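Data first, discussion second: the structure below is written as structure tokens.
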Amino acid sequence: MTSTYIITGASKGSGRFFAKTVAESGHDIALISRTPVDLDSLKIELQRINANIKISTHALDLSSSLQTKKTFDVIHSIHGQTTKAVVCF
């Protein structure tokens, strides 16, 4: 069974680097960032690295607890039980 990583701060810096590493390892990924355009470009890049993984993108400001809960519910419906979470700033 493949693990799913939830990566916050995914569109830039260490989050983007970690997402690439996870894609190379063959794990599914739920990407979270405030910037939808950056998420879309990262998803395309990750699909080129590994076309066999499931990648979802979620534009979200984590300061909203209600929106965060809704987003995590969506992630759960897409990926099932996620097993890893990574928070990058």
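Every value quoted in this text rests on a predicted model; they were computed, and no experiment measured them.
Connectivity analysis of hydrophobic side chains (ILVMFWY, heavy atoms under 4.5 Å, direct or indirect) links I78 to V74.
Within the structure, side-chain hydrogen bond (donor to acceptor under 3.5 Å, both in side chains) pairs that include any residue of residues 47-57 comprise S56-H58, S56-H79 (at least two apart or interchain). Sequence neighbours left out, the pairs with a member in residues 29-43 that pass salt bridge (Lys or Arg N to Asp or Glu O under 4.0 Å) are K12-D38. Identified under the ring-ring contact (aromatic ring centres under 6.0 Å, His included) test for residues 27-53, with sequence neighbours left out: Y5-H27.
Listed by chain and residue number, nothing satisfies the salt bridge (charged side-chain N to carboxylate O under 4.0 Å, His left out) test with D61 (two or more places apart in sequence, or in another chain).
We find the CG-CZ distance between L60 and F72 to be 7.5 Å, quoted to the nearest 0.5 Å. The CG atom of L42 lies 8.0 Å from the CD1 atom of I7; values are rounded to the nearest 0.5 Å. Atom CD1 of I29 and atom CD1 of I53 lie 4.0 Å apart (nearest 0.5 Å). Taking OG of S64 as the start and CG of L62 as the end, the distance is 9.0 Å to the nearest 0.5 Å. Going from atom CG of D73 over to atom OG1 of T68 covers 11.0 Å, rounded to the nearest 0.5 Å. Atom OG1 of T71 sits about 9.5 Å away from atom CG of L66, to the nearest 0.5 Å.
Closest approach of T4 to A30, counting heavy atoms only: CG2-N, 4.4 Å.
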Output a table of donor-acceptor pairs, distance under 3.5 Å, between side-chain atoms of residues 16-25 and any protein atom two or more places apart or on a different chain; print 'none' if there are none.
from, atom 1, to, atom 2, distance (Å)
R16, NH1, S11, O, 2.9
R16, NH2, E45, OE1, 2.9
K20, NZ, E45, OE2, 2.9
T21, OG1, F17, O, 3.1
S25, OG, T21, O, 3.1

